[in-house]
Colleague: 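This is the structure I want to talk about, given as structure tokens.
We name chains A, B, ... by the order of the sequence lines, and we start the count at 1 in each one. Just so it is clear, the values below take in all heavy atoms, side chains as well, and ignore hydrogens, waters and symmetry mates.
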Amino acid sequence: MTALETIRAALAHAASRLGASDVEVALERPRDPTHGDVATNLALTLAKTLGQKPRAIAERLVATLELPPGLVRKTEIAGPGFINFFLAGEQVVGVLPSIIAAGKDYGKSDVGRKAKVNVEFVSANPTGPLHVGHGRGAALGDGIAALLAWTGWSVTREFYVNDAGTQIDKMARSLWARVQQQAGRPGAIPEGGYHGEYLNELAATILKKEGKRFADLPEDEGVRRSREIGVSAQRAEQDQDLREFGVRFDVVSRESTIYERRLIDATLAELAAKGHTFEADGALWLRTTALGDDKDRVLKKSDGTYTYLVPDIAYHRDKHQRGFVKAIDVWGADHHGYIPRMRAALQALGYPGDFFHVEIVQLVRVMRGGEEVRFSKRSGEFVSLRDLFEETGVDAARYFFLMKRGDSQFVFDVDLAKSQTEENPVFYVQMGHARMSGIFRVAGREPGSVRADGVDLSVLTQPEEIELVKELAEFPDVLRRAAAAYEPHRVTGYLEGLARIAHAWYHKYRVLGEPEEAARLVLARAVQQVLATGLSLLGIRAPERM
RNA sequence: GCGCCCGUAGCUCAGGUGGAUAGAGCAGCAGCCUUCUAAGCUGUUGGUCGGAGGUUCGAAUCCUCCCGGGCGCACCA
């Protein structure tokens with residue numbers, strides 16, 4: 001148990017003795033060193049529930065607090081009711097052995113208690129290549145999934161294929177039109193169809209493989225086969241792009257199977273049985289206004305067909321029936337208006353309010369040479385994900401997508417992503433890792449062989465060294481908070497901060513050949529390891545050399 | 001017109017779920033290479049947190065209104 005964990009547990013225990021059980025104890029590292037090494041605002045947060053003044057609570061907390069001897073040098077109450085802890089000198093540096101001992105697992109926690117959570121992301125229609133917006137969703141969804149797994153959830157990464165709607169129909173007709181055109185016949189892309197060059201390429205492949213007689217098929221048959229071939233080709237291409245982007249899914253669900261498994265009828269029956277549907281104007285409605293939506297929604301249109309809401313409800317009902325206690329969906333901003341009705345529908349089914357959670361990803365604009373890059377030749381619209389990561393590299397693309405909050409509008413600076421200087425945050429962090437690795441390379445030592453046992457760490461007294469150790473100690477907390485908030489960008493921010501101190505330390509002090517060599521190797525190893533762990537959670541490589 | 005998101009340094013953005021004197025990075029300015037990567041480091045300039053009210057011990061953070069930007073508002077997906 002690290003010093004931080006000990007303090008956290010002791011505070012939680014003291015709080016429960018004051019009558020506040022099950023509290024989340026937040027520890028922070030004050031910016032101002034006169035505020036101690038570790039501080040908590042626990043007394044301030046308890047003020048409301050306990051109905052007492054923060055400073056009075058702080059005094060009672062400190063009085064009941066039981067800390068093992070030798071851990072804390074001084075405890076004080078400051079400002080409005082902060083409790084500041086000044087660690088005994090050897091304690092600060094004392095986290096290093098536990099970091100080394102935990103190795104690749106340093107920072108893991110079990111707050112998720114193995115509960116099943118489903119993270120659904122990308123879920124692009126199989127009508128064309130993935131664009132940069134999908135890339136942002138992919139990076140974010142994968143990052144959230146990794147953070148949840150890291151904090152003890154049992155995570156399933158899922159991709160949902162809308163393979164049954166009218167968009168697919170338009171893709172099929174567009175492809176058929178391209179086949180006709182290439183066979184020398186008139187063929188027009190339908191209204192709202194797909195004009196991208198990729199369908200021309202696919203049409204050429206089909207004609208090559210199937211021969212010209214494919215174009216002679218009756219229209220019904222031609223469109224039907226175009227649909228089959230098109231869907232499977234687009235899916236295969238999307239999978240390939242995602243694989244190269246470093247994203248893998250555990251489950252791919254298809255809208256068509258929702259129909260095949262008769263989940264539609266079962267879902268409608270359950271909604272009706274629970275009294276949430278009604279008929280009006282020849283249609284079947286869901287009374288979502290009773291659950292926070294601003295208007296009721298049609299389920300079954302007066303022409304007898306279903307709205308798209310129905311398979312979506314059925315799909316999420318299926319997630320619930322598969323045992324997930326949480327379903328997190330990553331959606332593009334253009335779907336955000338859809339959230340209230342979906343939430344209402346799932347509440348109508350009786351699921352808890354926190355079962356369904358949506359993370360919104362805003363659109364991505366791509367800048368190169370100071371100008372916005374709008375179109376991709378192949379896809380006919382937007383910049384494709386592949387174009388982007390082939391130009392910048394996967395590491396830079398993923399890092400850039402993750403360094404801002406998902407719901408912020410984001411300008412992707414291609415020139416910056418490609419630059420090999422400190423201005424580029426990915427490069428900067430990776431360089432930090434490479435530099436630590438370089439020390440071991442020159443020393444001729446395997447970093448993994450470093451042990452803290454028997455090393456006198458008390459020689460680590462330089463301000464940069466103390467700061468580095470404190471920063472390393474915060475890693476588990478950062479990951480916990482990032483996971484709880486579904487915010488991978490906190491991890492990139494943390495890594496940049498850690499790398500910054502590491503660069504400063506590296507620049508100012510030597511490791512090899514100094515009296516502090518053994519201790520500094522332990523520190524360098526810990527930094528290297530945490531940078532590597534953080535990067536790998538985000539799906540980014542940690543190179544040994546640049 | 002209604003709903004959701006956003007507005008923080010010249011630029012790009014953080015701000016740990018209401019806490020201590022609002023922070024980084026770029027850019028600007030001034031410096032630093034006999035060294036384990038200068039692919040880097042150090043110092044410094046720069047703020048009415050869009051505006052106005054409110055809630056309380058305390059607000060960039062919560063509430064109301066206004067201004068500005070984005071996205072949605074179908075018996076389309």
Colleague: With respect to the side chain of Arg510(A), which nucleotide from rG16(B), rU35(B), rG72(B) is positioned closest?
Modeller: rU35(B)
Colleague: Whole Å only: how far is the CG atom of Asp407(A) from the P atom of rG69(B)?
Modeller: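 These atoms are roughly 20 Å apart.
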Colleague: Output the rounded distance in Å from OH (Tyr308(A)) to P (rC76(B)).
Modeller: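 It is 9 Å, rounded to the nearest whole Å.
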Colleague: So, Glu544(A) and Arg441(A), do they make that salt bridge, N to O below 4.0 Å?
Modeller: no
Colleague: Just wondering, do Val132(A) and Phe412(A) contact through their side chains at under 4.5 Å, heavy atoms?
Modeller: no
Colleague: Would you say the side-chain atoms of Tyr194(A) and Gln167(A) include a donor-acceptor pair closer than 3.5 Å?
Modeller: yes
Colleague: Checking Arg254(A) against Tyr259(A): charged group under 6.0 Å from the ring centre and within 45 degrees of the axis?
Modeller: no
Colleague: Paired with rG43(B) by Watson-Crick or G-U wobble geometry, both distances under 3.5 Å: which nucleotide is it?
Modeller: rC29(B)
Colleague: Between Tyr315(A) and Tyr160(A), is a ring-ring contact (aromatic ring centres under 6.0 Å, His included) present by the stated rule, with each step listed?
Modeller: CA-CA 9 Å; Tyr315(A) 172 48; Tyr160(A) 180 62; 3.9 Å; yes
Colleague: Are the side chain of Asp281(A) and the backbone N or O of Ala283(A) linked by a donor-acceptor pair below 3.5 Å?
Modeller: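 No, Asp281(A) side chain to Ala283(A) backbone: no donor-acceptor pair under 3.5 Å.
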Colleague: Using a heavy-atom cut-off of 4.0 Å across all strands, would you classify Ser302(A) as base, sugar-phosphate, or nothing?
Modeller: base
Colleague: At 4.0 Å (heavy atoms only), tell me whether Glu474(A) reaches a base, stays on the sugar-phosphate, or touches nothing.
Modeller: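 Base contact - Glu474(A) has a heavy atom under 4.0 Å of at least one base atom.
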Colleague: Between rU17(B) and rA59(B), how far apart are the C1' atoms? Round to whole Å, please.
Modeller: 14 Å
Colleague: Taking the chi torsion of rC13(B), is it syn (within 90° of 0) or anti (everything else)?
Modeller: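 Anti, which is what one calls it when the glycosidic angle falls more than 90° from 0.
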Colleague: At less than 4.0 Å, is any side-chain N or O atom of His335(A) found next to OP1 or OP2 of rA77(B)? Yes or no.
Modeller: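 Negative; the distance criterion is not met.
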Colleague: Please work out whether rU17(B) sits syn or anti, treating a glycosidic angle within 90° of 0 as syn.
Modeller: syn
Colleague: Check the geometry between His489(A) and rA14(B) and answer yes if their rings are stacked (centres below 5.5 Å, planes below 30°), otherwise no.
Modeller: no
Colleague: With a 4.0 Å cut-off on heavy atoms, is Lys508(A) in touch with a base, just the backbone sugar-phosphate, or nothing at all?
Modeller: nothing
Colleague: Without decimals, in angstroms, what is the distance between Glu487(A) CD and rU17(B) C1'?
Modeller: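 Spelled out: CD on Glu487(A) to C1' on rU17(B) is 9 Å.
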Colleague: Under 3.5 Å, is there a donor-acceptor pair between the side chain of Asn424(A) and the main chain of Ala417(A)?
Modeller: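 At least one qualifying donor-acceptor pair exists.
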Colleague: For Asp296(A), report the nucleic acid contact type (base, sugar-phosphate, nothing); a contact means any heavy atom under 4.0 Å.
Modeller: nothing
Colleague: For Glu359(A) and rC5(B), give me the distance from atom CD to atom P, rounded to whole Å.
Modeller: 13 Å
Colleague: With respect to the phosphate group of rA39(B), does any side-chain polar atom (N or O) of Tyr506(A) fall under 4.0 Å of OP1 or OP2?
Modeller: no
Colleague: Heavy atoms under 4.0 Å is the rule here; annotate nucleotides 56-64 of chain B 5' to 3' with B where the base is hit, S where only the sugar-phosphate is, and - elsewhere.
Modeller: --B------
Colleague: Go through the steps to decide whether Phe400(A) and Thr492(A) satisfy the test side-chain contact (heavy atoms from CB on, under 4.5 Å), and finish with yes or no.
Modeller: CA-CA 9 Å; Phe400(A) 271 55; Thr492(A) 60; over 6 Å; no
Colleague: Side chain of Arg500(A) only, heavy atoms from C-beta on: which candidate in rG25(B), rA20(B), rA39(B) is closest?
Modeller: rG25(B)
Colleague: Please pick, from rA24(B), rA20(B), rA14(B), the nucleotide with the shortest atom-to-atom distance to any side-chain atom of His35(A).
Modeller: rA20(B)
Colleague: Would you kindly give the NZ-to-P distance between Lys295(A) and rC73(B), to the nearest whole Å?
Modeller: 10 Å
Colleague: Which whole number of Å gives the distance between the P atom of rG51(B) and that of rA9(B)?
Modeller: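 It works out to 10 Å between them.
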Colleague: Select base, sugar-phosphate, or nothing to describe what Val442(A) touches, counting heavy atoms under 4.0 Å on all strands.
Modeller: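 Since only primed, P, OP1 and OP2 atoms lie under 4.0 Å of Val442(A), the category is sugar-phosphate.
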Colleague: Mapping Asp477(A) and Arg545(A) onto RNA chain B by nearest heavy atom, which one lands closer to the 5' end?
Modeller: Asp477(A)
Colleague: Ala504(A) near the nucleic acid: base, sugar-phosphate alone, or nothing, with a heavy-atom cut-off under 4.0 Å?
Modeller: sugar-phosphate
Colleague: At 4.0 Å (heavy atoms only), tell me whether Ala39(A) reaches a base, stays on the sugar-phosphate, or touches nothing.
Modeller: base
Colleague: Strictly by Watson-Crick or wobble contacts shorter than 3.5 Å, is anything paired with rU61(B), and which nucleotide is it?
Modeller: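 Partner of rU61(B): none.
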Colleague: By nearest atom, which of the nucleotides rA77(B), rC13(B), rC5(B) is closest to the Gln167(A) side chain?
Modeller: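 Of all the options, the side chain of Gln167(A) is nearest to rA77(B).
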Colleague: Is the phosphate of rA38(B) approached by Arg435(A) (side-chain N or O, under 4.0 Å from OP1 or OP2)?
Modeller: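 Checking Arg435(A) against rA38(B): at least one side-chain N or O falls below 4.0 Å of OP1 or OP2.
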Colleague: Quick check for you: among rG72(B), rU37(B), rC6(B), whose closest atom lies nearest to any side-chain atom of Arg405(A)?
Modeller: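 Selected nucleotide (nearest to the side chain): rC6(B).
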Colleague: Could you tell me the separation between the OH atom of Tyr338(A) and the P atom of rA74(B), rounded to a whole number of Å?
Modeller: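 In whole Å, rA74(B) P and Tyr338(A) OH are 14 Å from each other.
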Colleague: Taking any strand in view, what nucleotide pairs with rG3(B) in a Watson-Crick or G-U wobble way, both distances under 3.5 Å?
Modeller: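 Answer to the pairing question: rC71(B), which forms a Watson-Crick or G-U pair with rG3(B).
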Colleague: Report yes if a donor N or O on one partner sits less than 3.5 Å from an acceptor N or O on the other, where the partners are the side chain of Asp312(A) and the base of rA77(B); otherwise report no.
Modeller: no
Colleague: Side chains of Arg55(A) and Pro80(A): does their closest heavy-atom pair fall under 4.5 Å?
Modeller: no
Colleague: With sugar-phosphate meaning primed atoms plus P, OP1 and OP2, does His336(A) contact a base, only sugar-phosphate, or nothing at under 4.0 Å between heavy atoms?
Modeller: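 Base contact - His336(A) has a heavy atom under 4.0 Å of at least one base atom.
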Colleague: Between rU34(B) and rA38(B), how many Å separate the two C1' atoms, rounded to a whole number?
Modeller: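 Here rU34(B) and rA38(B) have their C1' atoms 14 Å from each other.
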Colleague: Whether Arg525(A) engages the ring of Phe440(A) as a cation-pi pair (distance to the six-membered ring centre under 6.0 angstrom, angle to the ring normal within 45°) should be assessed.
Modeller: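 Checked: cation-pi criterion not met.
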Colleague: Base, sugar-phosphate, or nothing: which does Ala443(A) touch, judged by heavy atoms less than 4.0 Å apart?
Modeller: nothing
Colleague: Report the distance from atom CG of Asp293(A) to atom P of rC73(B), rounded to the nearest whole Å.
Modeller: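 It works out to 13 Å between those atoms.
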Colleague: For Trp285(A) and rA74(B), give me the distance from atom CH2 to atom P, rounded to whole Å.
Modeller: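 Taking atom P of rA74(B) as the reference, CH2 of Trp285(A) is at 11 Å.
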Colleague: Kindly compute the distance separating CG (Leu468(A)) from CG (Leu460(A)), expressed to the nearest 0.5 Å.
Modeller: 9.5 Å
Colleague: On RNA chain B, does the nearest nucleotide to Arg297(A) precede the nearest nucleotide to Ile83(A) from the 5' side, or the other way round? Give the residue.
Modeller: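 Its nearest nucleotide being more 5', the pick is Ile83(A).
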Colleague: In terms of side-chain heavy atoms of Met546(A), which of rC5(B), rG16(B), rU37(B) is nearest?
Modeller: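 Between rC5(B), rG16(B), rU37(B), the one nearest the side chain of Met546(A) would be rU37(B).
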Colleague: May I ask you to verify if any side-chain N or O of Lys301(A) is less than 4.0 angstrom from the OP1 or OP2 atom of rC76(B)?
Modeller: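 Looking at the OP1 and OP2 atoms of rC76(B), one of them is under 4.0 Å from a side-chain N or O of Lys301(A).
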Colleague: Once you apply a heavy-atom cut-off of 4.0 Å, does Gly438(A) come out as touching a base, just sugar-phosphate, or nothing?
Modeller: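 Contact class for Gly438(A): sugar-phosphate only.
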Colleague: Return the nearest nucleotide to the side chain of Lys404(A); candidates are rG72(B), rA14(B), rG25(B).
Modeller: rA14(B)
Colleague: Applying a 3.5 Å limit to both distances, which nucleotide forms a Watson-Crick or G-U wobble pair with rU12(B)?
Modeller: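 Answer to the pairing question: rA24(B), which forms a Watson-Crick or G-U pair with rU12(B).
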